[in-house]
2 protein chains.
Amino acid sequence: MPRATIGDVARVAGVSKGTVSLAYSGNRPVAEETRRRIFAAAEDLRWTPSQSARALATSRTGSIGLVLNRRPDVIATDTFFSRFIAGCEAVLAEAGMGLMLHVVGDPDAEAAVYERFAAGRVDGVILLDVEQDDTRPELVRDLGLSAVVLTGEQPRTDTSSDLPVVWTDDASAIHELVDLLVHAGHERIAHVAGPLRYVHAATRRRAFEAAMSRHGLEEARIVEGDFTAASGRSAAEQLLGSAAPCPTADGTAPITLPDRPTAIVFANDVMAIAGLSYARSIGLRVPDDLSITGFDDSELSAHLSPGLTSVSTGAEARGEAAARTLLAVLTGAAPQCVEVEGNRVVRRGSLAPPSTV
Amino acid sequence: MPRATIGDVARVAGVSKGTVSLAYSGNRPVAEETRRRIFAAAEDLRWTPSQSARALATSRTGSIGLVLNRRPDVIATDTFFSRFIAGCEAVLAEAGMGLMLHVVGDPDAEAAVYERFAAGRVDGVILLDVEQDDTRPELVRDLGLSAVVLTGEQPRTDTSSDLPVVWTDDASAIHELVDLLVHAGHERIAHVAGPLRYVHAATRRRAFEAAMSRHGLEEARIVEGDFTAASGRSAAEQLLGSAAPCPTADGTAPITLPDRPTAIVFANDVMAIAGLSYARSIGLRVPDDLSITGFDDSELSAHLSPGLTSVSTGAEARGEAAARTLLAVLTGAAPQCVEVEGNRVVRRGSLAPPSTV
DNA sequence: GGGCGCTATCAAACCGGTTTGCGCCCATGG
DNA sequence: CCATGGGCGCAAACCGGTTTGATAGCGCCC
């Protein structure tokens with residue numbers, strides 16, 4: 001038996017289609033007695049309005065779109081996305097909206113997805129991983145899609161794009177990490193950044209350099225990673241050398257190379273964990289010989305030994321804020337920039353004063 | 001300027017709406033010359049058919065639904081989901097379909113999502129994490145949704161549900177792991193399972209017991225975890241005791257308790273990594289004093305030291321297979337059960353013969 | 001009692017596609 | 001020369017809702 005339609009409900013309740021619609025939307029008053037009859041009929045027939053029909057009539061699809069343009073294994077290991085999506089979902093579900101997700105492999109594919117989104121599939125989109133000279137804001141504007149952008153710094157007011165922005169202050173978190181390290185006595189601190197084409201990665205990198213020079217430490221060593229464990233490990237290899245001059249088989253500390261960093265600030269937890277593991281494998285003790293920090297504060301980081309010092313980014317909160325902002329725009333509110341105060345440094349055992357050799 | 005409609009295209013091309021539609025669908029032949037005019041007009045107007053209108057007319061929404069009923073932090077750390085979704089997406093995108101994702105917190109919320117799915121939002125759904133006496137197959141059938149189920153064992157033919165199933169042979173992978181451990185000389189092997197309400201977790205647990213008894217090792221110790229790092233750590237605590245009787249500060253091996261397991265088979269990588277970390281923190285050497293295996297083979301596992309022995313589950317392949325099967329059902333094919341041969345044991349340094357004390 | 005305003009409802013148009021019965025036109029064959 | 005048939009395209013119905021101008025019914029007041 002096919003699904004009941006609004007016509008069936010109207011017939012059973014003895015009213016017209018229009019009245020049923022009004023009873024549900026409340027756009028015009030309906031007599032209490034009539035409303036009861038309609039609801040009863042709808043319940044009897046197990047009727048729920050068809051989203052397809054409603055979408056056509058209202059030209060609102062009732063869902064928003066999200067495109068993830070990263071390699072699947074990065075999405076899988078980086079814990080940001082899942083938590084961000086969960087945050088979005090919590091808000092969207094409350095509003096009766098759906099989330100349409102696409103995972104793509106390259107920018108062209110991503111553009112194609114927005115084209116399809118604009119053809120009556122979603123009402124708006126959330127833009128993640130903004131790059132330098134990103135063409136997507138322009139694209140979605142041309143397509144008539146509402147959008148909200150996620151960034152890691154306060155948007156400049158002179159920016160050409162007038163899209164609403166949800167941002168966190170990533171730079172401060174980096175400053176805090178560097179401060180912690182410097183106060184603990186570190187001087188040779190290295191940074192393993194994310195792909196620098198991402199604005200947020202570049203922001204953190206700049207923040208790292210600024211923090212270092214603020215402490216009079218100019219010789220900041222920076223390696224660009226790509227958020228994978230593999231790149232975290234190879235970055236560590238570059239920074240630490242391929243083997244300790246003197247393995248710790250006998251329990252003594254390895255000789256400290258003059259230019260070997262005593263601390264590394266990684267751009268995410270996965271790279272940090274892989275880097276930590278590598279450091280140990282060449283005989284370095286963490287944190288005695290090398291302090292390590294991550295970024296994202298994945299659930300795993302708290303349960304390592306030593307625990308990984310990281311930055312809790314409030315991914316859920318950012319997802320919620322992004323969804324909320326987008327919903328507001330969809331209901332006609334003016335675009336706004338909202339800050340999410342989600343970043344919080346979590347200090348754990350992986351950060352300690354350097355051992356004095 | 002609002003989006004062009006099929007009527008605009010028809011007018012510009014000098015034909016009727018119907019002919020435009022036919023030219024695109026190919027459901028009836030259209031003269032070559034006419035077709036060219038239509039396509040040219042469509043291109044001029046940058047017209048793309050509205051999915052909303054098409055959905056109403058064809059009663060096909062062009063998207064499928066996926067509900068994740070797990071805690072956000074578990075989804076975030078467990079790498080299965082992202083890779084599974086990426087696999088789905090690859091197939092769906094090719095077919096011009098979308099994926100509607102929902103993350104929910106409890107079974108009631110999940111049921112509500114399926115109700116909404118059935119109201120013209122998706123054409124079919126993929127069911128993950130099947131539980132004992134799961135009510136979802138029945139629910140989606142009642143709602144008239146097409147569905148495909150993902151499992152970790154061959155479906156019994158006497159099962160009441162006639163839904164198509166995409167399955168992998170998880171039990172064999174567990175048998176292989178246990179075989180590896182036994183051949184390496186282990187006898188006291190423990191298992192940290194996933195939540196046993198999940199059919200796949202129960203399957204693996206049974207497989208573990210069967211493998212042990214096949215080797216004449218009856219005293220299988222099993223702890224139930226919940227896939228989080230926290231539970232992996234506390235499971236390790238239960239199995240290994242809270243501290244090594246003799247710390248390795250002087251480099252000697254800790255005294256082996258008579259009943260301490262020499263190997264632990266974890267149900268996923270995150271728990272394994274947390275467990276490994278705990279073991280080390282109480283002075284046990286991995287793999288010398290304790291061998292450890294995981295499940296899922298996350299990208300991180302390959303880049304630890306020692307590398308984590310795990311089971312590569314072919315999550316992408318399973319996603320692809322699930323999407324493909326669902327698409328087939330949607331186009332009218334008979335429900336089928338397909339096996340995905342994705343499980344492959346990846347041996348790394350965390351598995352070795354027990355040290356003879 | 002007639003005019004007025006208000007409320008509750010109806011009927012019809014509309015959203016933008018798909019589907020199908022029908023008719024036109026031209027070529028072909030008897 | 002006329003009947004037949006096939007290739008093309010048109011017009012209209014339809015999908016299941018929403019929206020709105022019109023109307024019926026009612027009470028109220030002057």
Side-chain angles (χ1 to χ4, degrees), chain A residues 1-39 41-42 45-63 96 116 118-123 144 331, chain B residues 1-39 41-42 45-63 96 116 118-123 144 331:
Chain A
M1 124 207 103
R3 295 183 68 78
T5 75
I6 198 172
D8 300 331
V9 175
R11 189 156 13 79
V12 170
V15 297
S16 72
K17 294 197 318 178
T19 305
V20 175
S21 178
L22 263 1
Y24 269 82
S25 69
N27 283 358
R28 277 203 211 171
V30 169
E32 185 51 35
E33 149 67 11
T34 311
R35 181 201 312 282
R36 257 199 301 275
R37 274 210 324 277
I38 291 173
F39 284 177
L45 297 170
R46 315 178 137 274
W47 175 76
T48 320
S50 150
Q51 180 60 28
S52 306
R54 190 197 290 246
L56 179 57
T58 60
S59 45
R60 309 287 310 292
T61 64
S63 51
R116 294 200 15 228
R121 282 178 176 272
V122 307
D123 299 325
T331 59
Chain B
M1 121 209 107
R3 296 184 65 79
T5 73
I6 198 173
D8 300 330
V9 175
R11 187 156 17 76
V12 170
V15 298
S16 72
K17 294 198 316 178
T19 305
V20 175
S21 178
L22 262 3
Y24 269 82
S25 68
N27 283 357
R28 276 205 211 170
V30 169
E32 186 50 35
E33 149 68 10
T34 312
R35 181 201 311 281
R36 257 199 300 275
R37 272 210 325 276
I38 292 174
F39 283 175
L45 298 170
R46 315 180 136 272
W47 174 75
T48 322
S50 150
Q51 181 59 28
S52 307
R54 191 198 290 251
L56 179 57
T58 61
S59 46
R60 312 285 312 291
T61 65
S63 52
R116 295 203 11 232
R121 282 179 174 275
V122 307
D123 299 325
T331 58

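Just so it is clear, the model here is predicted, and its values are computed rather than measured. Proteins get letters first, then strands, A, B, ... in listed order; numbering begins at 1 in each.
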All heavy atoms of A:Ser21 vs all of A:Ile6, minimum pair found to be N-CD1, 3.9 Å
With nearest nucleotide decided by heavy atoms, which residue, B:Val15 or A:Thr5, maps closer to the 5′ end of DNA chain D? B:Val15
Run the side chain to side chain contact (heavy atoms under 4.5 Å, CB included) check on B:Thr61 and A:Ser52 step by step: do they pass? CA-CA 7 Å; B:Thr61 65; A:Ser52 306; 4.1 Å; yes
Under the rule for salt bridge (charged side-chain N to carboxylate O under 4.0 Å, His left out), what residues qualify as partners of B:Arg116, not counting sequence neighbours? none
In chain order, what residues pass the ring pair (Phe, Tyr, Trp, His ring centres under 6.0 Å) check against B:Tyr24, with sequence neighbours excluded? B:Phe39, B:Trp47
Across the strands shown, which category fits A:Ser50 at heavy-atom distances under 4.0 angstrom: base, sugar-phosphate, nothing? sugar-phosphate
Please classify the nucleic acid contact of B:Thr34 as base, sugar-phosphate, or nothing, using heavy-atom distances under 4.0 Å. sugar-phosphate
With sequence neighbours excluded, what pairs up with A:Ala57 under the side-chain contact (heavy atoms from CB on, under 4.5 Å) test? none
Round to a whole Å and report the spacing from CZ of A:Arg35 to P of C:dT7. 15 Å
One would report the end-axis bend of the helix from C:dG1-D:dC30 to C:dG30-D:dC1, five pairs per end and rounded to 10 degrees, as 60°
Listed partners of B:Thr58 passing side-chain contact (heavy atoms from CB on, under 4.5 Å), at least two apart: B:Arg54, B:Arg60
Pairing residues for B:Ser59 by the side-chain contact (heavy atoms from CB on, under 4.5 Å) criterion, not counting sequence neighbours: none
Residue set satisfying side-chain hydrogen bond (donor to acceptor under 3.5 Å, both in side chains) with A:Arg37, at least two apart, ordered chain then number -> A:Glu33
At 4.0 Å (heavy atoms only), tell me whether A:Val20 reaches a base, stays on the sugar-phosphate, or touches nothing. nothing
Reading DNA chain D in the 5' to 3' direction, which nucleotide is the first one with an atom under 4.0 Å from a heavy atom of chain A, and which is the last? D:dG16 to D:dA22
Enumerate the protein-to-nucleotides 19-22 of chain C contacts in which both atoms are nitrogen or oxygen and the separation is below 3.5 Å.
from: C:dT19; atom 1: OP2; to: B:Asn27; atom 2: ND2; distance (Å): 2.9
from: C:dG21; atom 1: N7; to: B:Arg28; atom 2: NH2; distance (Å): 3.3
from: C:dG21; atom 1: O6; to: B:Arg28; atom 2: NH1; distance (Å): 3.0
from: C:dG21; atom 1: O6; to: B:Arg28; atom 2: NH2; distance (Å): 3.2

For A:Ser16, which residues count as a side-chain contact (heavy atoms from CB on, under 4.5 Å) partner, sequence neighbours excluded? A:Thr19
Quick one: on DNA chain D, does B:Ala53 or B:Gly14 contact a more 5' nucleotide (nearest heavy atom)? B:Gly14
For residues 11-25 of chain B, which residue pairs qualify under salt bridge (charged side-chain N to carboxylate O under 4.0 Å, His left out), counting only residues two or more places apart or in two chains? B:Asp8-B:Arg11
Go through the structure and list residues passing side-chain hydrogen bond (donor to acceptor under 3.5 Å, both in side chains) with B:Arg28, not counting sequence neighbours. none
